[in-house]
Amino acid sequence: MSLSMPIMGKIATQVLVMDDNVADCNLVRMSLLAAPRAYHLECAGRLSEGLEKMGKQAPDVILLDLNLPDSQGTETIQRVVSHAPHVPILVLTGKADDSVALAAVRTGAQDYIVKGEIDSHALTRALHYAIERHHVLTALRESRQKQLEFKDKFLSHVSHELRSPLACIHEYAEVMLDGLAGPLTKKERQYLENVLRSARQLNHLIDDLLDAASASAGKLTIEPGRVDPSEVIQQLLQMFSPKAEARGVKLFVNIQDHISPVQADRRRLLQIFVNLLENALKFTDAGGEIGLHAHVCPKDSRFVQFSVSDTGRGIHPENLERIFDRLYQEQNAVSNRKGLGLGLAICEELVEQHGGRIWAESELGKGSVFSFVLPVFSLPAAVSPILVRDGKVREATLIAVEIARGSQAVSDEGWEITERRCREIVGRCILPDKDLLLPSMDFERRGMLFVLACAGPSGAAVIEKRILGQLTASPQIANSCVYKTSCWPLPAIPPDEKHLDKQVQWISRMIESTILQACGS
Amino acid sequence: MQNGKVLIVEDNEDLAHALELRLRANDYQILLAEDGISAVAVARSERPFAIVLDLHLSEEDGFTVMKEIHSSPDLSSTPVIVVSADCSQPTQHRALAAGAHAFLEKPVNHRLLLHALHDIRMRSKKADGSPVTVRSNSR
């Protein structure tokens, strides 16, 4: 962008004056006529009139009186800025009132000029400075944005480039450990295992780097479903018990009885916990305790609150606000492994993507508690947007899709990808406002997914046929899986259930029990 | 080498060699190609029963190679196992949508790779004369 183009060009500078005082307008006109350059002047006595004129042709600069018949004070600036963020504004004020003028500049004006002091020279100078400054600021903002984008691209590129040689190190260490290059001595084996461990660690760091890059680009993806908190915590306990024991730290679990399921992406929930637990281990000395807690959020029962507590050294109050910032590093980590300082920033992004919040409390020397809340899973909330029309619950049918491995040799990881692919295909077979691919539920049998179709048996049969057709058309599914579908009409709402909310809750319970029935059959 | 021929398409020589060591130790015969063009040529002349394809090649990218394989009638039934360091969901989805048989993250977990190859062999044995094979031949 050429910064000086509007000024140096031969085309007249377009000036819009918004002032309800005709005398002021004329004064500006006279001053500009006397100027050596060409100006085209438009006048508007009301804000609405000014905005309308701007809509027809955007001026190069606006001379704005803050007190118009239809808008007063800095609000006038806000309204002009929101209407045309790319046009510089010069405020006209009646008297030299610095506080008003400064407030104007903070709200988005470039400068101010006092009406009584207008002369040709001062006015044209102020106008041109305002235009120039605005161009410089815009260019700065754009270049900052480009820099951010470049940084994220760069991060993602670097991570990928780092992975290749790392994959090689990993591969050869494994080849040797598996004896493919001949037998190993005990020492050789031990050293190769060290190589492998460091390679794995490096790989995790690169994972973090990539996640952080996608987080700042808003590309971290989550696929929420129904997740049972106690089941996740049991899995974490198994994962971390050996590590905690090795460090001489006690790991305990504290889960409220009958805790509600949460709406979460299971893998991401694990990722959040793993990050918090690894931090807790890092800062807790032998003899300390680490707790995993889950209970209904005391402030809002629509959320479940998870916490990881430790008896570590704690965080200085000054730093508590900064720990979720990217690249923040707590000094004095117990182990020499410090990490990249991205873990908590990634956790924060993931929790926010789930519609939750994460925070930390700490007391120096006593320990820290990291807590986050996730929304309670609610089937009624998920189904009501498509089930309820005109204040009534529509007729609905549940379509079950079941896929099974064609051969036992398919690995679990490979199978997970096939399942996801199947979900994607089914998702394309339905109409977004009539049918709903239900989120995955923790009580479902693996390989089953369910579509809630707002249709009777014949309508559901059409969708069923479409799903079968699409699955058959996918070579990956058709060649590697056995699949089938079945229809489960949902019962009609009992007439004594009068409240719409209650009706949706009732039908949701029916959906859950039908799912269980379909999974058992 | 009685388990059959596998084509590895990988432009990192060292990595290709490591994979070769691994698969040879499991009785597979290995063919190597460094870029997409030679990959298609080797696949045509040698007829591997599976192709292991790195998405990140220096000349053409893996997606282009996969498209070529799937669009040539004599190769379209050869399963392609994609390996990539970029295991983000969009990339996995894109690879599977492009017809990949499986997606493996780099560094490749060799147990998964062997599983996938074994799986392909078992299925092609079972499918002899079955409708699936007839259909893919008639295409």
Side-chain angles (χ1 to χ4, degrees), chain A residues 156-157 159-176 178-181 196 199-200 203 206-207 210-211 213-214 219-223 265 267 405-418 420-425 428 472 474-480, chain B residues 10-22 24-26 54 56 70 76-77 79 81 83-90 92-93 95-124 126-127 131-133 135-136:
Chain A
S156 138
H157 176 76
S159 324
H160 286 140
E161 289 302 307
L162 289 175
R163 268 202 220 265
S164 260
L166 185 60
C168 242
I169 296 172
H170 197 274
E171 206 64 47
Y172 280 95
E174 282 209 321
V175 161
M176 290 174 80
D178 286 351
L180 295 182
L196 205 58
R200 280 203 194 107
N203 213 26
I206 296 173
D207 281 343
L210 266 180
D211 260 359
S214 351
K219 283 185 199 146
L220 269 188
T221 48
I222 62 163
E223 280 177 37
D265 182 324
R267 284 189 316 160
R405 297 182 210 214
S407 132
Q408 282 309 308
V410 184
S411 65
D412 286 346
E413 281 89 345
W415 181 241
E416 221 166 79
I417 294 170
T418 311
R420 225 178 288 148
R421 172 105 183 96
C422 179
R423 221 183 150 73
E424 202 182 285
I425 293 173
R428 284 203 302 260
T472 314
S474 157
Q476 198 209 348
I477 304 275
N479 295 341
S480 68
Chain B
E10 165 68 73
D11 63 348
N12 182 328
E13 216 180 301
D14 292 336
L15 214 51
H17 181 60
L19 271 180
E20 184 183 2
L21 282 175
R22 172 75 57 197
R24 274 228 311 260
N26 285 277
D54 181 17
H56 192 82
H70 285 308
S76 63
S77 59
I81 298 171
V83 295
S84 173
D86 173 10
C87 52
S88 65
Q89 267 176 11
Q92 290 198 28
H93 285 172
L96 294 173
H101 177 86
F103 187 101
L104 294 177
E105 185 186 341
K106 255 179 165 181
V108 176
N109 178 331
H110 55 264
R111 269 183 308 108
L112 294 184
L113 178 59
L114 290 172
H115 259 310
L117 288 174
H118 179 73
D119 180 47
I120 292 172
R121 276 197 325 124
M122 287 301 117
R123 196 164 304 132
S124 61
K126 260 193 223 158
V132 176
T133 322
R135 199 180 56 197
S136 49

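Order of the sequence lines fixes the chain letters, A, B, ..., with proteins taken first and strands second; residue numbering starts at 1 for each chain. Remember, it's a predicted structure, so these values are computed and weren't measured experimentally. Values below: all heavy atoms of this structure, side chains included; hydrogens, waters and symmetry mates excluded.
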Colleague: Looking only at non-hydrogen atoms, find the nearest pair between B:Ala25 and A:Leu180 and report the distance.
Modeller: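 Shortest heavy-atom contact: CB-CD2, 3.3 Å.
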Colleague: Answer with side chain, backbone, both or neither: which region of B:Asp14 has an atom nearer than 4.5 Å to a non-hydrogen atom of chain A?
Modeller: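 Both parts, backbone and side chain.
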Colleague: Minimum heavy-atom separation for B:Ala18 and A:Val175, please, with both atom names.
Modeller: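 It is O-CG2, 4.0 Å.
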Colleague: State whether the number of non-hydrogen atoms from other residues, nucleotides or ligands found under 6.0 Å of B:Glu13 atom CD is greater than 12.
Modeller: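 Open: at most 12 neighbouring heavy atoms sit under 6.0 Å from CD of B:Glu13.
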Colleague: Does some side-chain heavy atom of A:Glu171 sit less than 4.5 Å from a side-chain heavy atom of B:Leu21?
Modeller: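 Sidechains of A:Glu171 and B:Leu21: no contact.
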Colleague: In terms of heavy-atom pairs under 4.5 Å, which option from A:Ala199, A:Cys168, A:Ala181, A:Pro165 contacts chain B the most?
Modeller: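 Most heavy-atom pairs under 4.5 Å with chain B: A:Cys168.
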